[in-house]
Amino acid sequence: MKFAFFDTKPYDKPSFDRFGKEKDIEFKYFETKLNEDTVELANGYDGVCVFVNDTVNAKVIDRLCEMGVKTVALRCAGFNNVDMKHAFGKIHVLRVPAYSPYAVAEHAIAMLLTSVRRIHKAYIRTRDFNFSLSGMTGFDLHGKTVGVIGTGRIGRVFIDICRGFGMKVLAYDKYPAKDLDNGDTVRYVSTDELFEKSDIISLHCPLTDDTYHIIDEASLNKCKKGVVIINTSRGALVDAEALLMKIKERKVGAACLDVYEEESDFFFEDYSGHIMDDDVLARLISMPNVIVSSHQAFLTEEALLNIAETTVNNIIDIATRGECPNELCYRGGNAEDCKTGKCF
Ligand code: NAI
């Protein structure tokens, strides 16, 4: 089988070559992202392998189908970049539901500790032999309240780590887990209570119509002064302009952003020699209390191996059995047509 691999980065190839070779799948690596302009590159391939910032909209899906491409293999968990309603019944859409929840949860914690203990400032100061401590006062995480929105795989690992620090957890999930709330150190609450009582808020839910801009001017107004916002999920969970405004007003104490609403224009690429066109991103990055990483929370050796292995197994499942536990189905479709029972 031959798969066209879009948005290739050097770190993708070793693991996909290894697992592809084992299962006789040949990956043709393209650096470009998949979109309406580049979809022709998929001509002659059995499927496409795509990542978070590839565009799999209705036009791309129709063209893939016309060219006889049968499978869209997402090498990520989120699928907000795929028009699932349009894809339903036309083309297989497979994903990697979990590759390392630890990678993302640990990155969120790394950003939080960096921010509240000013490690990013210390690194720059001491390299310049500036050993002054002024402006470096942080705060203890112990005893603080962290609000966690989304208590799935990543959210739960994040909660476990926070509990290790002696933090109290206020959780919100549209589908709460039965075994998480202990009525004491971890409690499910309404979003309003979470916003009002949390010192730190970390987002671990998917991007859906419900969660779009879940952090906006109205929700930030409800928060404590000095709240720390962590987003390692999807950029559009946060209204970046509202966040910037609230940072300027000193309402938000710090922001740790691994994702950004307009990230597909910039993230994963080197723009160091360019003029930054996105004023909101440029202003956020200029803030001393904002840390931005470019969607790297997933990027650990363990996660890369899991991503490649699961993607290859997904492709083989569909090719040999016509079904795959990691196939995405659209709930608006015909329930009887759902082979996997994994509709969303
Ligand atoms: P998961 O599916 O295990 O958990 C998501 C949780 O969100 C579930 O408990 C679900 O019930 C909950 N949820 C769904 N709709 C909600 C709503 N409207 N309000 C509140 N909660 C809601 O997913 P997992 O593996 O924990 O991943 C979470 C998110 O992390 C993904 O959707 C993805 O966007 C992001 N992610 C980011 C990565 C990065 O490198 N920065 C890497 C991998 C995932």
Side-chain angles (χ1 to χ4, degrees), residues 7 9 11-12 50-54 74-82 84 95-112 147-162 169-181 186 188-195 198 201-216 219 229-238 255-261 263-264 267-268 291-307 310-311 325-326 328 331 342-344:
D7 202 9
K9 296 289 177 281
Y11 49 76
D12 291 318
V50 300
F51 197 49
V52 290
N53 290 324
D54 291 295
L74 290 158
R75 51 182 193 277
C76 53
F79 47 87
N80 51 287
N81 53 335
V82 181
M84 283 306 303
R95 70 163 177 158
V96 182
Y99 23 96
S100 173
Y102 310 102
V104 182
E106 288 171 14
H107 190 81
I109 292 289
M111 294 186 97
L112 174 62
V148 179
I149 301 183
T151 56
R153 282 167 282 242
I154 296 170
R156 290 188 72 139
V157 175
F158 182 83
I159 287 171
D160 281 347
I161 300 172
C162 289
V169 179
L170 296 178
Y172 172 76
D173 197 298
K174 194 172 178 184
Y175 310 100
K178 290 195 176 67
D179 58 339
L180 190 62
D181 188 325
V186 184
Y188 275 112
V189 294
S190 66
T191 46
D192 274 357
E193 186 174 347
L194 186 148
F195 291 136
S198 299
I201 296 175
S202 195
L203 304 175
H204 299 290
C205 56
L207 176 61
T208 63
D209 290 345
D210 288 346
T211 60
Y212 176 78
H213 283 185
I214 194 165
I215 299 293
D216 62 2
S219 53
I229 303 291
I230 309 169
N231 188 8
T232 54
S233 249
R234 284 293 179 268
L237 295 175
V238 175
C256 306
L257 308 174
D258 185 51
V259 286
Y260 174 68
E261 194 163 359
E263 70 177 48
S264 60
F267 279 20
F268 305 126
I291 298 176
V292 175
S293 54
S294 58
H295 207 137
Q296 77 174 68
F298 75 99
L299 195 60
T300 64
E301 285 172 16
E302 292 81 358
L304 288 174
L305 286 174
N306 285 340
I307 288 170
T310 308
T311 304
N326 296 328
L328 288 164
R331 188 176 280 160
K342 302 235 169 191
C343 289
F344 62 90

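When a ligand or atom number is given, it counts from 1 through the structure's own listing order. Atom set for the values below is all heavy atoms of this structure, side chains included, hydrogens, waters and symmetry mates excluded.
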Asp179 vs Arg156, test: salt bridge (Lys or Arg N to Asp or Glu O under 4.0 Å). Steps then yes/no.
CA-CA 11 Å; Asp179 58 339; Arg156 290 188 72 139; 3.0 Å; yes
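If you number the atoms of ligand 1 from 1 as listed, the ones under 4.0 Å from a heavy atom of Tyr172 come out as 19 (N), 20 (C). Those atoms of ligand 1 with a heavy atom of Thr211 less than 4.0 angstrom away are 17 (C), 18 (N), 19 (N). Atoms of ligand 1 lying under 4.0 Å from at least one heavy atom of Asp173, given by number and element, are 6 (C), 7 (O), 8 (C), 9 (O), 10 (C), 11 (O), 12 (C), 13 (N), 20 (C), 21 (N), 22 (C). Under a 4.0 Å criterion applied to the non-hydrogen atoms of Asp210, ligand 1 contributes the atoms 18 (N). Every atom of ligand 1 is numbered from 1 in the order shown, and the set under 4.0 Å from a heavy atom of Phe298 is 40 (O), 42 (C). Of all the atoms in ligand 1, the ones that sit under 4.0 Å from a non-hydrogen atom of Tyr99 are 42 (C), 43 (C).
Distances from atom 13 (N) of ligand 1 to the heavy atoms of Ala98, Gly150, Ser100, Pro206 show the closest one on Pro206. Here the shortest heavy-atom distance to atom 41 (N) of ligand 1, taken over Val96, Thr232, Asn80, Val104, belongs to Thr232. Nearest-heavy-atom check against atom 20 (C) of ligand 1 across Arg234, Lys174, His107 picks out Lys174.
Classification of the Phe158-His204 ring pair by plane angle, with boundaries at 30° and 60°, yields tilted. Using cut-offs of 30° and 60° for the angle between ring planes, the His295 and Phe51 rings count as tilted.
To the nearest 0.5 Å, atom CD1 of residue Ile201 and atom CD1 of residue Ile229 are 4.5 Å apart. Taken from OG1 in Thr211 to CD1 in Ile149, the straight-line distance is 9.5 Å, to the nearest 0.5 Å. Put simply, OG1 on Thr300 and OH on Tyr99 are 10.0 Å apart, with the number rounded to the nearest 0.5 Å.
At a 3.5 angstrom cut-off on N or O pairs, Ala77 does not count as close to ligand 1.
Nearest protein neighbour of atom 3 (O) of ligand 1, counting heavy atoms only, is Arg153 N, 2.9 Å. Counting only heavy atoms of the protein, atom 4 (O) of ligand 1 lies nearest to Gly152 CA, 3.2 Å. Nearest protein heavy-atom contact of atom 28 (C) of ligand 1 is His204 O, 3.4 Å. For atom 44 (C) of ligand 1, the nearest protein heavy atom (residue, atom name, distance) is Ile154 CD1, 3.7 Å.
By the 4.5 Å heavy-atom criterion applied to side chains, Asp12 and Arg75 are counted as neighbours.
Contact annotation: Gly78 has no heavy atom less than 4.0 Å from any atom of ligand 1. In this structure, Ser233 is part of the shell of residues with a heavy atom less than 4.0 angstrom from ligand 1.
Across all their heavy atoms, Cys76 and Arg95 have their closest contact at O-CB, 3.5 Å. Nearest heavy atom pair, residue Ser219 against residue Ile214, reads OG-O, 2.9 Å.
Between the side chain of Asn231 and the backbone N or O of Arg234, at least one donor-acceptor pair lies under 3.5 Å.
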